[in-house]
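Written below as C-alpha cells is the structure these notes are about.
Atoms within each ligand, like the ligands themselves, are counted from 1 in listed order.
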Amino acid sequence: MSTIVAPDIVTRAIHGGLTPDPTTGAILTPIHQSTTFVQEAVGSDKGFTYSRAANPTVAALERNLGRLEDAPPAACFSTGMAAIASLCLAVLQRGDHVIVSDVVYGGTVRLLQDVLQNFGVSASFVDTSDEASVEAALREETRLILIESPANPTLKLTDIRAIADVITRVGAAIYLAVDNTFLTPVLQRPLELGADLSVYSTTKFIEGHNSTVGGAIVTRDKELLERLRFVSKTVGLPQSPFEAWLTLRGAKTLPIRMQQHSKNALHIARWLQEHPLVSQVFYPDLESFAQYELAQTQQDSGGGVLAFDLHGGEQAGVTLMNNVKLISLAENLGAVESLITHPASMTHADVPSTQRAATGVTDGLIRLSVGLEHTDDIIADLEQALARAGGL
Ligand SMILES: *Cc1c(COP(=O)(O)O)cnc(C)c1O
C-alpha cells in the first residue's frame, strides 16, 4: 500500500463547490446564522426562505460533500442518526422490509428495532459479508439494504459490488445504502461500487475534531435527493449553520487526515499484534485480517479505527481502558484525539447480548480510534496500560 488517497480528492476537499463570498470576498463561506431570508417580492426569493428547509452555509457543505463523490450536493442532517432516519422515512412504507448488516452502529439497531418496527417496518439483521445470505433474506417487500463496511466495531467488510449485483440480478426495486462513516469518500466511494447512497455520520472523520455532530447522504438519484430534503424539512432534521461551518472546515483537511489516520492505525495494529497480552487484532490492512484481499480492492487503505481482544478477556480490557492517559475513554471516533471504547457497555449496550455475541462484539472487544498524535506516544500509553492489564 503506497498511495493511500486518490490525488484529485485532495484539492476537491478544499475547493469543491466553494467560492469566496461574492459580497465581501471572505475566503470561507460565512456562517449564515439566520432563521429567515427576506424575499424581494411575493414568490421571488434568492433560493433560501427558512433555515429548516435550506441555509446557505449548510448548502456550501452539501456542495462540497457532493463533489467528493462526483455527485450532486449532499443532503445534510443534524446528526448521523437523523440522516439514517430520514433515509428510512424517505424510502419505506408500512409493510416494507429492510436488510441490515448484522454488525452495525448501535443507534441503527435501535432505530429499526425500537422505533420503525412500531410503524410496521420489519428488519432482518444479516451477515452481509456473505451475498448468499443477503439473497436468501430478500422478500417481496424488501425496499432497502443498509450495509456498513467496515462495520462498527468489528471492522467486518461487505463486498459492496457483490450486493449491488445481487439486487441487479433479482431485478428488484431496492435501494442499496452504505454507511461509509469509517472510511469517508477519501478511502472508499460506494457509489462507484454500485450503491445508490452513501450515508455518513459527519460527526466522525469528516468534521474530525470532536467539535460537533452531523450527518450527510450523498446520491446521484435526483428524485431520491428531493425526497430526502422533503423529509428533512417536514420532520425538522436539517444541519444548523454553525455546525455545518465547523464540518466544512474539517472536510478541507479530510484527505490529509485520513492518510495519517490510516498510517497511524496500521502502525498501532502491527504493534498490538506483537504484544503478548493481545489475542487478536482486527484491522483491514493487516495480512492476518480475514478479509484482507477484499480490503485491498474495495478500499484505498484501512482507515483510522481498529479493534482488539486481550487474552485476559473483559476484565483485562476494562483495566486497560481505565488506565489509558493520553488516549481518552470516550464514545465517538474519527477525531484527532485517540479514543478508546468498550462497545459491549458503551456504543453497543442496547444491542441484545446474544445478538452481540453472535456477531463477534464480544464482551472483551476494545475499539480504538487512532488519532493523529505521534504513534510513539500512543504506543507508550498503550504499553503502560497493557502492563497494568497484565497485572505487572
Ligand atoms: C456514529 C455513527 C452513526 C451515528 O451518527 P451520529 O452523528 O452519532 O448520530 C452512524 N453510523 C456509524 C457507523 C457511526 O459510527
Side-chain angles (χ1 to χ4, degrees), residues 58 61 65 74-89 98 100-116 123 125 128 144-158 160 177-185 187-188 190 195 197-218 232 235-240 243-244 246-247 250-251 258 261 265 282 284 299 303-307 330-335 339-343 346-351 359 361 365 367-371:
V58 179
L61 173 64
L65 295 182
C76 283
F77 303 87
S78 53
T79 64
M81 285 318 303
I84 297 172
S86 295
L87 167 61
C88 291
L89 293 174
V98 185
V100 198
S101 299
D102 56 355
V103 188
V104 276
Y105 181 69
T108 304
V109 178
R110 262 198 317 263
L111 172 69
L112 288 161
Q113 286 188 338
D114 302 337
V115 178
L116 289 175
F125 293 84
T128 53
L144 174 66
I145 300 180
L146 175 58
I147 60 190
E148 211 172 279
S149 182
N152 186 353
T154 62
L155 284 306
K156 183 163 74 173
L157 307 185
T158 291
I160 299 170
V178 176
D179 186 331
N180 197 29
T181 296
F182 269 39
L183 293 180
T184 82
L187 299 182
Q188 175 170 271
L197 311 102
S198 304
V199 180
Y200 298 96
S201 167
T202 60
T203 311
K204 315 293 165 57
F205 290 99
I206 294 179
E207 193 280 327
H209 295 75
N210 271 329
S211 330
T212 187
V213 290
I217 295 181
V218 177
S232 170
V235 182
L237 300 168
Q239 184 54 294
S240 73
E243 320 308 305
L246 287 170
T247 307
M258 290 315 291
H261 276 296
F282 302 91
Q299 45 192 75
V305 182
L306 57 84
E331 297 196 13
N332 202 16
L333 58 95
L339 301 176
I340 201 162
T341 306
H342 182 222
M346 295 166 74
T347 52
H348 289 66
D350 288 344
V351 179
T359 54
V361 187
L365 192 76
R367 187 185 79 192
L368 179 63
S369 174
V370 180

Pair Asn180-Tyr200, side chain to side chain donor-acceptor pair (under 3.5 Å): steps then yes or no: CA-CA 6 Å; Asn180 197 29; Tyr200 298 96; 2.9 Å; yes
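For ligand 1, the atoms lying closer than 4.0 Å to a non-hydrogen atom of Asn152 are 15 (O). Under a 4.0 Å criterion applied to the non-hydrogen atoms of Gly80, ligand 1 contributes the atoms 5 (O), 6 (P), 7 (O), 9 (O). Counting atoms of ligand 1 from 1 in the listed order, those under 4.0 Å from a heavy atom of Gly214 are 7 (O). With ligand atoms numbered from 1 in the order given, ligand 1 contributes 13 (C) to contacts under 4.0 Å with heavy atoms of Glu148.
Residue Ser201 places at least one N or O, backbone or side chain, under 3.5 Å from an N or O of ligand 1. The distance criterion of under 3.5 Å between nitrogen or oxygen atoms is not met by Phe182 with respect to ligand 1. Remark: ligand 1 and Ile84 share no N or O pair separated by less than 3.5 Å (distance only, no angle test). Distances between N or O atoms of Thr203 and those of ligand 1 include at least one value under 3.5 Å.
Ranking the protein heavy atoms by distance from atom 12 (C) of ligand 1 puts Asp179 OD2, 3.5 Å first. Remark: minimum distance from atom 8 (O) of ligand 1 to any protein heavy atom is reached at Tyr105 OH, 3.8 Å. With respect to atom 9 (O) of ligand 1, the closest heavy atom belonging to the protein is Met81 N, 2.9 Å.
Under 3.5 Å, the side chains of Thr203 and Glu207 contain no donor-acceptor pair of N or O atoms. Judged purely by distance below 3.5 Å, without hydrogens or angles, the side chains of Thr128 and Thr158 pair a donor atom with an acceptor atom.
Judged by the 6.0 Å and 45° rule, Lys156 forms no cation-pi pair with Phe182.
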